[in-house]
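All remarks here apply to the structure that follows.
The model shown is predicted, which means the values in this text are computed figures rather than measured ones. In what follows, chains are A, B, ... by sequence order, proteins preceding strands, each numbered from 1.
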Protein chains: 2
Amino acid sequence: MRATRVIYVENDPALRGIMTSLLQDSDEIELILATGLAHEALDPEAIRLADVALIDLALGSGQMNGIDLGLAMRKSNDNIGIVIHSQYALDTVARSVPPAALIGWSTLPKSGDMFIEDVVRVLRETAKGFTSVPSSPSREDRSPLERMTMRQRAVMGMTAAGINPQEIARRLAISHDAVRQDLSAAYRVLVPDVQPEDDLRLRAVFTYLELTRQDDAEDGL
Amino acid sequence: MRATRVIYVENDPALRGIMTSLLQDSDEIELILATGLAHEALDPEAIRLADVALIDLALGSGQMNGIDLGLAMRKSNDNIGIVIHSQYALDTVARSVPPAALIGWSTLPKSGDMFIEDVVRVLRETAKGFTSVPSSPSREDRSPLERMTMRQRAVMGMTAAGINPQEIARRLAISHDAVRQDLSAAYRVLVPDVQPEDDLRLRAVFTYLELTRQDDAEDGL
DNA sequence: CAATCTCCCTCACATATGTGAACGCCGTCC
DNA sequence: GGACGGCGTTCACATATGTGAGGGAGATTG
């Protein structure tokens, strides 16, 4: 089995140095390019040779982000694997990359206790076309609050404060009908399984308060 | 007026037998459960149906006392009346029951010359929410909760639990119209100064929860 | 560009809600 | 006894509420 050829793009020189030497020590990896500059990583020749690119998500000001860089590299090599390396916000990958182009994309958290073996494994599997992007808040499994629009949240918030729909309409400068539509939509999200004995508005307010209270608690962490 | 539904808990089989037959003879009383065992009296279904419980204070060794049993029954039915029956130490009721939970509690001395009519009267009044323990608040300065009928509290309690009026009507076996009247009356007490921007039902529920939560806090004192 | 999506808006309609009015039923108080 | 007050019940009626249907603007995809 030949070594997996890797392009490595990392903004931070210290981290780049460490990872570079670790990758060079591995005989499953052939590091063909390591750089901190996006435009250096866009060398078509290198990209065509590479099996996979390990790219920092935040490449610093004045440079494109790692996702855009990965997409750009795909133009020179349809089948290059892209591993996005970041400390946080790895779910932006799932949101930013068109689903059809997502084959062969992975994310790799920058954690303090990472092992080079794991990095190597992710690189090799992504090079083979495996996709492991964290199931991001897409569609079904977003939290109820995330599944509501800004204005639906505003309307629910005011309702939960005991303000009636007409006053909400006045304060938000929208029609009474619009408020009721927002409420209705919010109910669907907050009370997905309405029981015949439920007081819909109260149930919705209770779940809403529960959810926002939980958020407050998380703010403190 | 329909018969007052009673749960009777008395340790002493002899007394229980006599009282049971006396209560059964009264057509103002419907005895739905008579037992000497606290755990039998904790049947949630019976408690929910009952208007009032007549409970011996000293239920014998190995059982909780009548006050604790009464408090426990309140967990299945917030608004059940509790009449504590005892030969002595009736003032422990006032000391043991949190003041705000004391609505609808009465004491009944076990005297040799008691008339069944008196028992019936105490049961019926306690069922209606009347409180007759040593320190009963005067009519003038009653808390909002005390200014509500027992049934209004029941209706508000269920509303605050997110149950809609038709289901409340079904569970309390009263008409939908009656529920709405009770709600309306409760709103007047709980939200004395309605602002034009208020959502009346939500405001009332919030004050109600506030008031009953205060009761919970006093439990810890 | 056309096809979708998403959000927002309006309209219509079936119910639900809040409340005044009026009556019946007890108890209480002269 | 009669007047009275509180509670429960029912009725009527003006609004409020919840939701389906459908249309429009703007962004995204193919």
Side-chain angles (χ1 to χ4, degrees), chain A residues 71 95-102 138-139 142 146-156 159 163-170 172-192 194-205, chain B residues 1-4 27-28 51 79 104 117-118 120-122 124-125 127-130 132 139-140 142 146-156 159 163-170 172-191 194 196-205:
Chain A
L71 288 168
R95 281 204 298 272
S96 307
V97 178
L102 200 54
S138 74
R139 219 67 336 106
R142 277 179 300 174
E146 288 170 322
R147 310 213 292 145
M148 293 164 62
T149 69
M150 196 65 85
R151 227 193 42 199
Q152 285 163 15
R153 283 195 293 271
V155 168
M156 269 314 295
T159 298
I163 301 170
N164 66 32
Q166 24 278 313
E167 175 69 9
I168 296 175
R170 203 187 60 73
L172 296 181
I174 60 180
S175 79
H176 183 196
D177 280 343
V179 172
R180 293 193 292 137
Q181 279 307 320
D182 281 339
L183 278 178
S184 189
Y187 297 162
R188 274 192 284 270
V189 174
L190 293 169
V191 191
V194 196
Q195 298 305 111
E197 73 265 23
D198 282 349
D199 185 310
L200 192 47
R201 179 177 295 201
L202 276 170
R203 286 266 184 238
V205 165
Chain B
M1 181 171 287
R2 77 161 165 75
T4 301
D27 50 6
E28 297 181 71
D51 300 306
N79 300 289
E117 290 78 16
D118 295 327
V120 169
R121 185 179 44 73
V122 170
R124 289 178 65 86
E125 298 204 337
K128 286 189 294 188
F130 190 77
S132 81
R139 289 188 174 272
E140 273 57 45
R142 283 178 301 174
E146 290 168 323
R147 285 154 51 76
M148 293 164 60
T149 313
M150 183 66 85
R151 230 199 33 206
Q152 286 163 14
R153 283 194 295 273
V155 168
M156 269 314 295
T159 297
I163 301 170
N164 66 31
Q166 23 279 312
E167 174 69 9
I168 296 176
R170 203 188 59 74
L172 296 181
I174 60 180
S175 79
H176 182 198
D177 280 344
V179 172
R180 291 194 292 140
Q181 280 306 322
D182 281 337
L183 277 177
S184 188
Y187 297 161
R188 275 192 284 271
V189 173
L190 293 169
V191 192
V194 196
E197 73 266 21
D198 282 350
D199 185 310
L200 192 48
R201 179 178 295 203
L202 275 170
R203 287 266 185 236
V205 165

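- Whole-Å rounding puts the A:Glu167 CD to D:dT17 P distance at 13 Å.
- A search for salt bridge (Lys or Arg N to Asp or Glu O under 4.0 Å) contacts involving B:Arg151 returns B:Asp182, not counting sequence neighbours.
- The phosphate of C:dG18 (OP1 or OP2) has no side-chain N or O of B:Arg203 nearer than 4.0 angstrom.
- Scanning for salt bridge (Lys or Arg N to Asp or Glu O under 4.0 Å) contacts around B:Arg188 gives an empty result, with sequence neighbours left out.
- Between A:Ala178 and B:Asn164, the residue anchored closer to the 5' end of DNA chain C is A:Ala178, taking for each the nucleotide with the nearest heavy atom.
- Atom CZ in B:Arg124 sits about 15 Å away from atom P in D:dC7, given to the nearest Å.
- The residue among B:Arg180 and A:Ile174 whose nearest nucleotide of DNA chain C lies closer to the 5′ end is A:Ile174.
- Shown here are the side-chain hydrogen bond (donor to acceptor under 3.5 Å, both in side chains) partners of B:Asn79, two or more places apart in sequence or in another chain: there are none.
- Considering only residues two or more places apart in sequence or on other chains, B:Glu167 meets the salt bridge (Lys or Arg N to Asp or Glu O under 4.0 Å) condition with B:Arg170, B:Arg171.
- A heavy-atom distance below 4.0 Å to DNA chain D is reached by these residues of residues 181-189 of chain A, ordered by number: A:Gln181, A:Ser184, A:Tyr187, A:Arg188.
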Practice problem: Quick one: the dot-bracket string of DNA chain D, using Watson-Crick and G-U wobble pairs with both distances under 3.5 Å, [ ] for crossing pairs and | for bases paired to another strand. | Solution: ||||||||||||||||||||||||||||||
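- In this structure, CG of A:Leu202 is placed 14 Å from C1' of D:dG18, rounded to the nearest angstrom.
- Following rounding to the nearest Å, A:Met148 (CE) and C:dT6 (C1') show an atom-to-atom distance of 16 Å.
- Here B:Ala127 pairs with B:Thr4, B:Asp51, B:Val52 under the side-chain contact (heavy atoms from CB on, under 4.5 Å) rule; sequence neighbours left out.
- Going from atom CG of A:Leu71 over to atom C1' of D:dT28 covers 15 Å, rounded to whole Å.
- Along DNA chain D, the nucleotide nearest to A:Asp199 and the one nearest to B:Arg151 differ in position, and the one closer to the 5' end is contacted by B:Arg151.
- Atoms CE and NZ, from B:Met150 and B:Lys128 in turn, are 11.0 Å apart once rounded to the nearest 0.5 Å.
- Put simply, CD on A:Gln166 is 16 Å from P on C:dT17, counting in whole angstrom units.
- The CG atom of A:Asp199 sits 9.0 Å away from atom CD of B:Gln166, with the distance rounded to the nearest 0.5 Å.
- Between the side chain of B:Arg124 and the main chain of B:Glu28, a donor-acceptor pair closer than 3.5 Å is present.
- At D:dT17, one or more side-chain N or O atoms of A:His176 fall inside 4.0 Å of OP1 or OP2 (strictly under the cut-off).
- Listed by chain and residue number, B:Arg203 satisfy the side-chain hydrogen bond (donor to acceptor under 3.5 Å, both in side chains) test with B:Asp198 (two or more places apart in sequence, or in another chain).
- When distances run from any side-chain atom of A:Asp177 to the nucleotides C:dG18, D:dT19, C:dC11, the shortest one goes to C:dC11.
- Between B:Arg201 and C:dT17 there is a side-chain polar atom (N or O) within less than 4.0 angstrom of OP1 or OP2.
- Partners of B:Thr149 according to the side-chain hydrogen bond (donor to acceptor under 3.5 Å, both in side chains) rule, which considers only residues two or more places apart in sequence or in another chain, are B:Gln152.
- Rounded to an integer number of Å, the gap from CG of B:Asp198 to P of D:dA16 is 14 Å.
- Note on A:Ser175: a side-chain N or O is less than 4.0 Å away from OP1 or OP2 of C:dT10.
- For A:Arg153 and C:dC7, the CZ to C1' distance is 13 Å, given to the nearest whole Å.
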